[in-house]
2 protein chains.
Amino acid sequence: MPNYQASLDRVFWALGDPTRFAIVEQLARQPASVSDLARPFNLSLPTFMQHLGVLEECGLVTSEKTGRVRMCSLNKNKLEEVDAWISAQKRLWTTRFDALDKLLENDK
Amino acid sequence: MPNYQASLDRVFWALGDPTRFAIVEQLARQPASVSDLARPFNLSLPTFMQHLGVLEECGLVTSEKTGRVRMCSLNKNKLEEVDAWISAQKRLWTTRFDALDKLLENDK
DNA sequence: TTAATACTTAGCTATTGACCTAAGTATTAA
DNA sequence: TTAATACTTAGGTCAATAGCTAAGTATTAA
């Protein structure tokens, strides 16, 4: 099973669906089996599995099957990657304002 | 102009498109007019504007028209919101492991 | 006051994505 | 060894999205 290096926008895309967003919020609390995860959602199992597939493909979730049960977990590393990107954008934005401030300072 | 309180998954969804992702990365560096922003993209202007519309609707971008030029800026607050959500999920995840560690500690 | 610029609107097309049902496979419980 | 459980595969529908062109409007430059 190769670890497809998903690009960040794919991760964002995955989180952009309300169902998948909720799945991630649930998995942040604790790992869970597919059916336990699926129970609160009013979706057919194949549909639900598709969402899990998307989350797994983009690296946000990992899963392992033992016997007939598949356990899913959140991959914290992917969250860190997202976090890092956001921080970088915030930093760029802030840096710009700092530079502007300095410029105005010099003008005095 | 009402400020549509966009839910977070809509923000993720907006960032999930490569074009919009790139627009945000650009706007983090500096505000820009629509045509300046659009130039590097191989898209028709209407298509490009549609992407800007999505970013604006979800609150990631603001814009203001003066004369015939519309200037776009990043809304840092939205980035903060995203950041806060990610941090919360990471915290939940970590808390769980801390609890597990404590449990194992007690078992010794 | 004409022409160019910078969007904007309208309307169409193709693809993707979210959903479903039905039927299958592999494990485990009875 | 039969039945139930927990997915999994196959295949189909429909709406939403990303893309386009053509034809506007409003501002500014010439």
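Residue numbers begin at 1 in each chain, while the letters A, B, ... track the order of the sequences.
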Under a 4.0 Å heavy-atom cut-off, which of residues 65-73 of chain A touch DNA chain D? A/K65, A/R68, A/V69, A/R70
Do B/R20 and B/V54 touch side chain to side chain, with heavy atoms closer than 4.5 Å? yes
Do B/I23 and B/F41 come close enough that some side-chain heavy atom pair is under 4.5 Å? yes
By side-chain hydrogen bond (donor to acceptor under 3.5 Å, both in side chains), A/E80 pairs with (sequence neighbours left out) B/K90
Value in whole Å for how far the C1' atom of D/dA18 lies from CG of B/L52: 14 Å
Within residues 30-49 of chain B, the residues having a heavy atom closer than 4.0 Å to DNA chain D are B/N42, B/L43, B/S44, B/P46, B/T47
Value in whole Å for how far the C1' atom of C/dA18 lies from CG of B/D9: 15 Å
Donor-acceptor pair, B/N75 side chain versus B/G59 backbone, under 3.5 Å? yes
So B/L37 and B/L52, do their side chains get closer than 4.5 Å, heavy atoms only? yes
Is A/H51 near enough to C/dC19 that one of its side-chain N or O atoms lies under 4.0 angstrom from OP1 or OP2? yes
What is the distance from CH2 of A/W13 to C1' of C/dT15, rounded to the nearest Å? 13 Å
Min side-chain heavy-atom separation A/L92-B/E25 under 4.5 Å: no
Dot-bracket, DNA chain C: Watson-Crick or G-U, under 3.5 angstrom, [ ] crossing, | other strand? ||||||||||||||||||||||||||||||
Where A/A14 and A/L55 come nearest, the two heavy atoms and their spacing: CB-CD2, 4.2 Å
Rounded to whole angstrom units, what separation is found between the CD atom of A/Q50 and the P atom of C/dT16? 14 Å
Nearest heavy-atom contact between A/E56 and A/S63 is OE2-OG, 2.9 Å
Would you check if B/R10 and B/S7 make a side-chain contact, meaning some heavy-atom pair closer than 4.5 Å? yes
Side-chain heavy-atom pair A/L43, A/H51 within 4.5 angstrom cut-off: yes
Of A/L79, A/D83, A/V82, the one forming a side chain to side chain contact (heavy atoms under 4.5 Å, CB included) with B/Q89 is A/L79
Any A/L15 side-chain heavy atom under 4.5 Å of B/W85 side chain: yes
Can you list the residues that meet the ring pair (Phe, Tyr, Trp, His ring centres under 6.0 Å) rule with A/W13, with sequence neighbours excluded? none
Within residues 15-28 of chain A, find the residues that approach DNA chain C with a heavy atom at under 4.0 Å, and present them sorted by residue number. A/D17, A/R20
